[in-house]
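Have a look at the structure below, then the notes.
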Amino acid sequence: MTRPSSSAAPRVLRDYVALTKPRIISLLLITAVGSMFLAAEGWPDPLTTAFVVVCGYLAAGGANALNQGAESDIDKRMRRTHRRPVASGRVSKWQAYIFGIVLNLAAFVVLAVQVNLLSAALAVSGTLIYVFVYTKGLKRTTPQNIVIGGAAGAIPPLVGWAAVTGTIELPALYLFAIIFLWTPPHFWALALLIRDDYARAGIPMLPVVSTLAETKRQILIYTVVLVALSASFAATGAVGWIYLIGALALGGGFIIRAVRLARGDGIEGAKALYLYSIAYLALLFAVAIADSIADRYLIG
């Protein structure tokens, strides 16, 4: 009898971890935790935070696994994604589907039992939007795919807020809207860099179906609206001057990079904008956390 290779198990584990897209999830978890700090007006309960982080990873990771199962044909045609576990054949589509469903069921049950039903329902709703609205309904049919489908990535702050308060209030909706508006300029900057990949796969991303100038104009418009909304968040009273200063400074950097991209002849500046957009969102929520802690323990 042939013994299995000693390296087989680690390879399988790496493939299943890759199905969850951990680097992407880390940013989502920052937004969920940031929302919890604001909802708690200081440090949230550590155990509740741990449940939200773990279950948030499970739900988002499960959504990513389902997405890779549904998009394996696309992933095979794109240089950026052809080595993903399902696209390369290392994991079957059904294995990815089962894995994704199990992760989401686990996230729902644990949140419902240990935190509350609203946070559990919201966590799973993000998966449903990502898989059925974005992946199945919009991605292959309309250049507005990432605009509407971006709602899935904006769910984590709602989960965090609901975990602390048991409700959804105006500040949580602001946080949802901030991420919703952040998604198009973030993703279109990436799409500019890999538009040939999307064209090869037949995906109607904005840079594929529209002109370069129009794509850059849309990026600038969304960026300006995003920065305005993020600054107006201070009017809710959920955050104070520390957040406002940080939001304006970070937003200014975002707008400067979007203007540079719009004024350039080609896609020079797209990578800088894409990378900055990631840092922007993480730092914006970090500033919100700092503001919450300072208001509760230093200022208040």
Side-chain angles (χ1 to χ4, degrees), residues 24 27-28 31 129-130 133-134 137-158 170-199 203-236 239 243-285 287-288:
I24 295 175
L27 187 59
L28 300 179
T31 67
I129 294 171
Y130 187 51
V133 177
Y134 173 68
L138 300 173
K139 186 167 183 178
R140 302 174 192 241
T141 60
T142 171
Q144 294 300 307
N145 47 22
I146 199 64
V147 177
I148 303 169
I155 292 293
L158 300 183
L170 180 61
L173 295 177
Y174 257 89
L175 296 174
F176 173 92
I178 286 171
I179 300 175
F180 185 80
L181 290 172
W182 167 86
T183 304
H186 162 74
F187 205 89
W188 285 334
L190 172 64
L192 283 172
L193 297 170
I194 58 173
R195 56 182 171 172
D196 291 342
D197 243 6
Y198 281 123
I203 303 301
M205 289 296 175
L206 186 61
V208 175
V209 301
S210 186
T211 64
L212 182 60
E214 177 60 19
T215 301
K216 294 191 290 186
R217 188 177 76 88
Q218 289 296 322
I219 288 174
L220 179 57
I221 290 172
Y222 271 92
T223 300
V224 171
V225 175
L226 164 65
V227 173
L229 180 71
S230 67
S232 70
F233 180 44
T236 66
V239 289
Y243 167 85
L244 181 58
I245 292 173
L248 291 173
L250 291 167
F254 209 151
I255 291 175
I256 288 171
R257 286 164 177 80
V259 169
R260 287 175 180 169
L261 175 63
R263 288 181 174 177
D265 294 330
I267 62 171
E268 184 179 354
K271 184 175 182 179
L273 179 63
Y274 169 71
L275 294 175
Y276 184 84
S277 69
I278 298 173
Y280 168 85
L281 192 64
L283 291 174
L284 186 70
F285 275 80
V287 168

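If you read the sequence from its start, that first residue is 1, and numbering goes on from there.
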When every non-hydrogen atom of Ile129 is compared with those of Gly149, the smallest separation belongs to CG2-O, 4.4 Å
For this session: Kindly determine whether Leu192 and Leu261 satisfy side chain to side chain contact (heavy atoms under 4.5 Å, CB included), including the steps that lead there.
Result: CA-CA 11 Å; Leu192 283 172; Leu261 175 63; 4.0 Å; yes
Quick note, salt bridge (Lys or Arg N to Asp or Glu O under 4.0 Å) partners involving residues 176-199, not counting sequence neighbours, are Asp197-Arg200
| task | Please check if the side chain of Tyr280 supplies one atom and the backbone of Ala247 the other of a donor-acceptor pair under 3.5 Å. | result | no
Counting C-beta onward and ignoring hydrogens, is there a side-chain heavy-atom pair between Pro185 and Tyr222 closer than 4.5 Å? yes
Practice prompt. Please work out whether the ring planes of Tyr134 and Tyr130 are parallel, tilted or perpendicular, with thresholds of 30° and 60°.
Written response: parallel
* Asked: Does any non-hydrogen side-chain atom of Leu212 lie less than 4.5 Å from one of Lys216?
  -> yes
Separation between CG (Leu175) and CD1 (Ile155), nearest 0.5 Å, reads 12.0 Å
The reported gap from CD1 in Ile255 to CG in Leu248 (rounded to nearest 0.5 angstrom) is 9.5 Å
Applying ring-ring contact (aromatic ring centres under 6.0 Å, His included) to Tyr198 and not counting sequence neighbours gives none
Value for CD1 (Ile203) from OG1 (Thr142), rounded to nearest 0.5 Å, stands at 12.0 Å
Side chain to side chain contact (heavy atoms under 4.5 Å, CB included) between Leu281 and Ile179, intermediate numbers included
CA-CA 8 Å; Leu281 192 64; Ile179 300 175; 4.2 Å; yes
Heavy atoms of Pro156 and Thr31 approach each other most closely as CB-OG1, 3.5 Å
message: Is it the case that the ring center of Trp182 lies less than 6.0 angstrom away from the ring center of Phe254?
response: no
Tightest non-hydrogen contact, residues Phe180 and Pro184, listed as O-CD, 3.2 Å
key: Within-4.5 Å side-chain heavy-atom neighbours: Val259 and Leu220   = yes
For Gln144, the side chain to side chain donor-acceptor pair (under 3.5 Å) test, sequence neighbours excluded, returns none
**Asked** Is there a side chain to side chain contact (heavy atoms under 4.5 Å, CB included) between Tyr243 and Leu284 once you walk through the steps?
**Response** CA-CA 8 Å; Tyr243 167 85; Leu284 186 70; 3.7 Å; yes
Strictly distance-based, threshold 3.5 Å: is any side-chain N or O of Thr223 a donor or acceptor partner for the main-chain N or O of Ile219? yes
(message) Using only atom types and a distance under 3.5 Å, with no angle test, would you say the side chain of Lys139 pairs donor to acceptor with the backbone of Met205?
(response) no
Walk me through it: do Val147 and Thr183 pass the test side chain to side chain contact (heavy atoms under 4.5 Å, CB included)? CA-CA 7 Å; Val147 177; Thr183 304; over 6 Å; no
Self-check item: Contact check, side chains of Trp188 and Leu193, non-hydrogen atoms, under 4.5 Å
Solution: no
Scanning both residues in full, the closest heavy-atom pair of Ala154 with Leu158 reads O-CG, 4.3 Å
Taken to the nearest 0.5 Å, the spacing of Ser277 OG from Leu226 CG works out to 10.0 Å
Under 4.5 Å between any side-chain heavy atoms of Thr215 and Thr211, yes or no? no
